[in-house]
Every structure is written in structure tokens, then in C-alpha cells.
Peer 1: 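My questions will all concern the structure given below.
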There are 2 protein chains.
Amino acid sequence: MTDTAPRPTLEAVAARAGVSRATASRVVNGGDGVREPLVARVRRAVEELGYVPNQAARSLVTKRHDAVAVVIAEPETRVFADPFFALQLRGISKELTAHDNQLVLLLVEGRDDHARVGRYLAGGHVDGALVFSLHLDDPLPGLIQHAGVPTVFGGRPDWSGGRSEALYVDCDNREGAREAVRHLTGLGRTRIAHITGPLDQTSAADRLDGFRDMMADADPQLVVESDFTPAGGERAMRELLERRPDLDAVFAANDLTAAGALRVLRESGRRVPEDVAVIGFDDVLPVAEQTEPPLTTVRQDIEEMGRLMARLLLRRLGHRAVAEDAEGAPSSVVLPTTLVRRASA
Amino acid sequence: MTDTAPRPTLEAVAARAGVSRATASRVVNGGDGVREPLVARVRRAVEELGYVPNQAARSLVTKRHDAVAVVIAEPETRVFADPFFALQLRGISKELTAHDNQLVLLLVEGRDDHARVGRYLAGGHVDGALVFSLHLDDPLPGLIQHAGVPTVFGGRPDWSGGRSEALYVDCDNREGAREAVRHLTGLGRTRIAHITGPLDQTSAADRLDGFRDMMADADPQLVVESDFTPAGGERAMRELLERRPDLDAVFAANDLTAAGALRVLRESGRRVPEDVAVIGFDDVLPVAEQTEPPLTTVRQDIEEMGRLMARLLLRRLGHRAVAEDAEGAPSSVVLPTTLVRRASA
DNA sequence: ACGGGCCCTGTGAGCGCTCTCACCTCCCCG
DNA sequence: CGGGGAGGTGAGAGCGCTCACAGGGCCCGT
């Protein structure tokens, strides 16, 4: 089956163009230092033969793979409900594609899987890795560190102390949260609740910190931990309503959670935003625009974050075309957030 | 930077174990035909040295890559709103991982991108491809055909005539649609509307066919084309309500569309399911369970479909471990659907 | 007790590419 | 008009692995 004729080699191209393999190679790799007539002849031979370089052979000698692994460590919960990763992936894909790098997707499914991923990364199959969604106790960073694979993290990784040189791209979760609360207080709300994300993730923890920055002496009852899912949002909202039926605003740690909260509020007969103002985080369009009422939320440019992650990694890997538009050593990036006003607050 | 010590080679392992490179290789690849004491010695050497085979060198001689491309050709619309692809990806990832294959993700972003993908596939970087979401006029199948890359499609590809040997995995869209309508008529509904998906996709077309099978002489006004998105669902529902305010049921081509329709119905003051029964398709949990009311829908096992696609491809590629549990030539698979009753119909 | 065969192990070639280095051509300057 | 140098090109090695094949030990049959 699939008995494709053997693909032409550089040798064949060289022969057809009447040059040496070395010259053919030079042309294929940009053609610097080869005189014009030869360049043209080789190019034509490539064309006619439909030559495509054998990446394996090339990697064998260059030790580069032009491939980057994307590690997503949390398929259970978020990935499939939240367009968040999909958007980042898209940004990453665009950037990698633009620089002729491949995207190898590694979905980590469970505890044992970490070992597999570690082995893979250590195996030197890819030039670098883009890693997402680390929980506090995640063994992955350690493994990666050990593997010595250049890495950029999506979201500030949490490793209290040490290894602070890790590169990451994040949005300013803390300031975004402050902005949300500021908006709520600006609306005259005083009994503002916060439904957090899983606090073993820095994004959730940072947002909580931002909330506390503004609400230092609020009733601790007004904060309840959740998990970034709609169902979790519902649960948290019910809990909140029970504890403090008089609350007049809710800052949910992400849009999905807000959607769940909104539903419970409606059930309970509250009007949004009249009785309770609700604000989310992320501005994931299909969610934020489709809630009832449409969600006021803190926007982060997710796709751009993906793009930046890829760009950072490529620079870290010394990719020429990427390095030129930015000098100096690559460093982590924290993007600003913006408040998007819709109807819910 | 990242000046990792050079990774050990097979040569090093062989030396340490006191055997030849060939024997070391045999052990690394399963150890058949090597006597026990040697196997153990080599294994230990591998362990101690932390040896990982160089995939590039291996591929260079075997011409296998143990990597499969996943091509998703529609990032604009669905991928990011619909957990559909994410779920399939997960199934695919699990299956590939189980057989030590890598997943190379190719997101196709536009017209020009097709060429890039075609080139990549033709380049022989991967052993096979899993391709999603083909529109009628998609050039991709042609390119792939041309590239001679073993491929399995997600969803029945549409190429009227020819190339019918193409492998695919799909659910029984037509029968699923019939089942939906059957349920609705069973509820005593007679003025049943259908909001389709984009009709240049076979899944949408097949569902429409199924609808027509049951509603042969329905008012053609009751069918309106949409695009599988919530916003599209809203638009379609409004249109429908204008055309036939007396409709008493809606079969939406997917859950997202149904969610949009539900919202418009509520706005218009209709009660669901009392005034209008609504049924979706897919049973994408975060959507179907979270609508108001929860959505009755036609379930397809999306993750399983992904798993099957991968398995089919692996068999097609002659993967031993996969071939054993199924005899004969691999053939396309059409999975049954099941009706999931919730509150909306 | 001896030869044939089988099983196991090692040797060597070569996958397709890049890269170093030597060589050769031409140009320019003295 | 000749020599030095720069720029262009080619030869050859070798990346790390697998695979065909050769060769050597051991067991069995007679």
C-alpha cells in the first residue's frame, strides 16, 4: 500500500542541476554564496523533481528539529469547556507556522503521563516546549528543568523561590482583578463577593490577591473557592447566596464561572445587574457575549498571549527571523487587561 | 545556553554493556532474539546512561516517524466555540499516545495555508494524517491524495464519485436526525422546524436529509440554513419565528445552535418545551447541560470517534499492536447515535 | 564422537543531509 | 604581466541508527 515512488534526494537534485550536493544544499538553504546561474539551475531542478528536504536527515546533523511541543496538563477540567486553550493554541500555531516550526501536541492525562511527557521532552525530539496550566504541585516543571528543554510557560508558574529565570507569558491578573472591583465599587456596590478559581493556580491566586487589594476588610464569607467551571460557579453562587443573601455584586474569576453564577442568580429571582452586578474575567467571546445578560468582564488577549509565547520561545532558541525584531535576552511578558463593559455590571 | 551534555548514543550503551551496537539496538527495540543476560546488561546500561534513541537517526533508516498529523481546517468558526474538536483531539491523543505516536497539530488558517499543509504532508514528515472538517470545495483532500499520505477523515468527506476508498469515521447523522424528529413527533409536534448547519459539510447535509426523511411534505419555510454557531442559531430562530410564528418544535443541527435558538425563544416569550420543543445534536456536555432548560439532544460519542480515527490510521499504517485486535483491511466506521432526554423536548 | 544446523552476536554498509576544508578560478593591484 | 586574495565550488566525513549478512558456539542426531 501507499507505494509512493521514493522521494528524490539532494543527490538527485544536484545531479540534475549539474552541481555538487554541497551546492545544491546551499541553494536549498537560502542560496547564500552561490552564483546566480547555479542558484537558478538548482531551483529548477528542485521544482521539476518536487524535491522536499528530508527533515530526519537534516536533524541528524543539525540537531535542530524545527518543532516545538505544546504541553497541556489539564484536559479533564478546562480544556474542553473553555475556549481558552483553543485560542492560545491558535496564536501559537500562527506564530510557529510563520517561522516554519511544527507544533507537537502533548495532552497530559494523568499522573503517570507526566513521566511519559518528561521522557519525550528529554528525548530531544523537539527544540523547546510551551507548557500550560501548572498546579502548585505539578511535577512537570521539575521534569522539564531536568530535561534541559528551553521552555516558556503559559501563565506565571508557581515555584516559590528558585528557578525564577523561567520564561512565561501572562496577563496582569492582579491588576485586572483590581480593575473589576474598582468598576463594581464605582457602581456603588459595597457587598462584593468573589468566586475564585482553583487556588493552586497562580492565575486564580493572583486574581484573589487583586480582589483583596481592593477589599481588604471585606467579610471573608464573601470569598468562596471554585474551579473555573460553570457548574462550580453555580455551586459557589448558591453557597454565597446562603451566606450573604444581601450581596450586591459578584466578581467571578472567569467567564465560565460567571455564567454559572448568573444562572443561579436568575433562579433565585435576583435581577442582574439591578440587584446584583456580575463581572467575569477572560472575555471569551462565545461565553461572555451569550450570557443573559451579556457579561461585563476583564479582557485578556488570549490569542496574543499564545503568539507571544511562541515568539519568546523561538527567540530563546535563537531563531534568526524572530530575534531581529527584538534585542537583548528574551524576558517574560505580562500583558495588561482591559475592562469590557456589557450589561451585567 | 542550554548546554546540555551531548546525549548518549547507542554506541555508548553498547560499550557500557559490553556488547555490539547491533545487540544494543535489538534490546532497545524489544529484545527479541537476544539472550537474557545480555538483555539485562543492556537494559541496565540504558538506565544508567539515561539513553533515549535519536528519533531522527532512526527515521532516517526506517522511513517511519511514529508521528501523525492532525489537520483542522476551520479554526475560524467552530474550533473555538465548540468543544467538539477538543474532545476528538483528546480521543486521538489517547490512542496515539498508547501506541507511541506523536501528534503534530496543523491548524489551517486560510486559503494559502492549504498549500503549506499540502507541502508539509507531502514532505513525508509524518506517517499519516487525520483530517477534519472538509467543506465541499476544500482542496485539501486532493492535495492529500496527491501527497500519497495515508489518511483518515473525521466525518464523511464529500467527493461525489471517485476516491470512495477514503477512510473516515463519522456518526450516523441521518439516522440521528430521524431519531430527533421521531421524538418530536412522538411528543405530538407537527410544525417542526430545522435549523441546519453549513450545508457544504456532509454532517449538516446528512442531518437535513434525515429531517426530510421524516418530514417529506413539510413547509419548506420551516428549514433555514445556519452555521453551527450560537449567534447563527439566534439569527435562524428569529427568521423562523417570523416565517412561521406557529411552529411548535425546533430541531437544531447542533447544540450550540440550539442554545442560540433557546435564547431567542425565551426572548419571544415562548416557553420551552411547553410552547416549542427544542432538540439539539452532539450532546456536548458543557453546552447541553447548561442551557435553560437543559437540552434534549442527539448524542454522538465524540471522544470515541477520535480514538477510532487514530486506531484506523494506525492499522492502515500497519502498526502491529493495533492490527492484532482487528482482522482484515481497515474500513470506515459509522457510529450510532443515541437520544438524550433532558428538559427541552 | 563427529558433522550439520540453528541460534545468537558482531561487522559493515548506508539512510540523506550538512559542514569543514581544500582547491580552483578569476579579479585586482602592484 | 604576474602574484595574492577573495569568492565560489566540490570532495569527503560523519551525524546515530537499522539491517543484511557473516561467523561462531552449542546442541542434537546418528
Side-chain angles (χ1 to χ4, degrees), chain A residues 4-43 45-46 49-67 100 122-127 318 320, chain B residues 4-43 45-46 49-67 100 122-127 318 320:
Chain A
T4 323
R7 298 199 294 121
T9 71
L10 234 208
E11 192 77 53
V13 172
R16 185 174 190 106
V19 299
S20 74
R21 210 175 49 239
T23 295
S25 174
R26 280 188 268 262
V27 172
V28 168
N29 292 289
D32 304 329
V34 177
R35 227 151 350 181
E36 184 41 48
L38 288 199
V39 173
R41 288 225 308 272
V42 173
R43 290 254 157 80
V46 166
L49 261 35
Y51 170 76
V52 184
N54 180 323
Q55 182 64 41
R58 182 180 278 174
S59 293
L60 185 55
V61 25
T62 59
K63 270 103 175 64
R64 296 185 97 262
H65 299 83
D66 295 319
D100 280 316
H125 303 282
V126 291
D127 300 328
R320 300 152 291 183
Chain B
T4 323
R7 299 197 295 122
T9 70
L10 233 208
E11 193 77 52
V13 172
R16 183 174 192 106
V19 299
S20 74
R21 211 174 48 239
T23 297
S25 173
R26 281 187 267 260
V27 172
V28 168
N29 291 290
D32 303 329
V34 177
R35 225 147 356 176
E36 185 41 47
L38 289 199
V39 173
R41 287 225 307 274
V42 173
R43 289 253 157 80
V46 165
L49 261 33
Y51 170 76
V52 184
N54 179 322
Q55 182 62 42
R58 184 180 276 174
S59 292
L60 185 55
V61 24
T62 60
K63 270 105 176 63
R64 297 185 95 262
H65 300 84
D66 294 321
D100 280 315
H125 304 281
V126 291
D127 299 328
R320 298 153 292 181

Peer 1: When you measure from the side chain of B:R35, which nucleotide among C:dG16, D:dG8, C:dT9 comes out closest?
Peer 2: C:dT9

Peer 1: Between B:R21 (side chain only) and B:A14 (backbone N and O only), is there a donor and an acceptor less than 3.5 Å apart?
Peer 2: no

Peer 1: Using a 3.5 Å distance criterion without hydrogens, assess whether the side chain of B:R26 forms a donor-acceptor pair with backbone atoms of B:G33.
Peer 2: no

Peer 1: If you apply the rule side-chain contact (heavy atoms from CB on, under 4.5 Å), what do you find for B:V13 with B:L49, and how did you get there?
Peer 2: CA-CA 7 Å; B:V13 172; B:L49 261 33; 4.1 Å; yes

Peer 1: Rounded to whole Å, please give me the gap between CG in A:D32 and P in D:dG7.
Peer 2: 13 Å

Peer 1: Rounded to whole angstroms, how far apart are CG on B:L38 and P on C:dT9?
Peer 2: 4 Å

Peer 1: Quick one: is C:dT18 close enough that its OP1 or OP2 comes under 4.0 Å of any side-chain N or O from A:K63?
Peer 2: no

Peer 1: To the nearest 0.5 Å, what is the distance between CG on A:D66 and NE2 on B:H125?
Peer 2: 9.5 Å

Peer 1: Run the side-chain contact (heavy atoms from CB on, under 4.5 Å) test on A:L38 and A:V27 for me, step by step, so that the C-alpha distance in whole Å, both residues' side-chain angles and the decisive distance to 0.1 Å come before the verdict.
Peer 2: CA-CA 9 Å; A:L38 288 199; A:V27 172; 5.8 Å; no

Peer 1: What does the B/S/- profile of nucleotides 17-24 of chain D look like, 5' to 3', with a 4.0 Å heavy-atom cutoff to protein?
Peer 2: BBB-----

Peer 1: Is B:S20 near enough to C:dT11 that one of its side-chain N or O atoms lies under 4.0 angstrom from OP1 or OP2?
Peer 2: no

Peer 1: Answer yes or no: is there a donor N or O on one side and an acceptor on the other, between the side chain of B:H65 and the main chain of B:G124, under 3.5 Å?
Peer 2: yes

Peer 1: Rounded to whole Å, please give me the gap between NE2 in A:H65 and P in C:dC17.
Peer 2: 16 Å

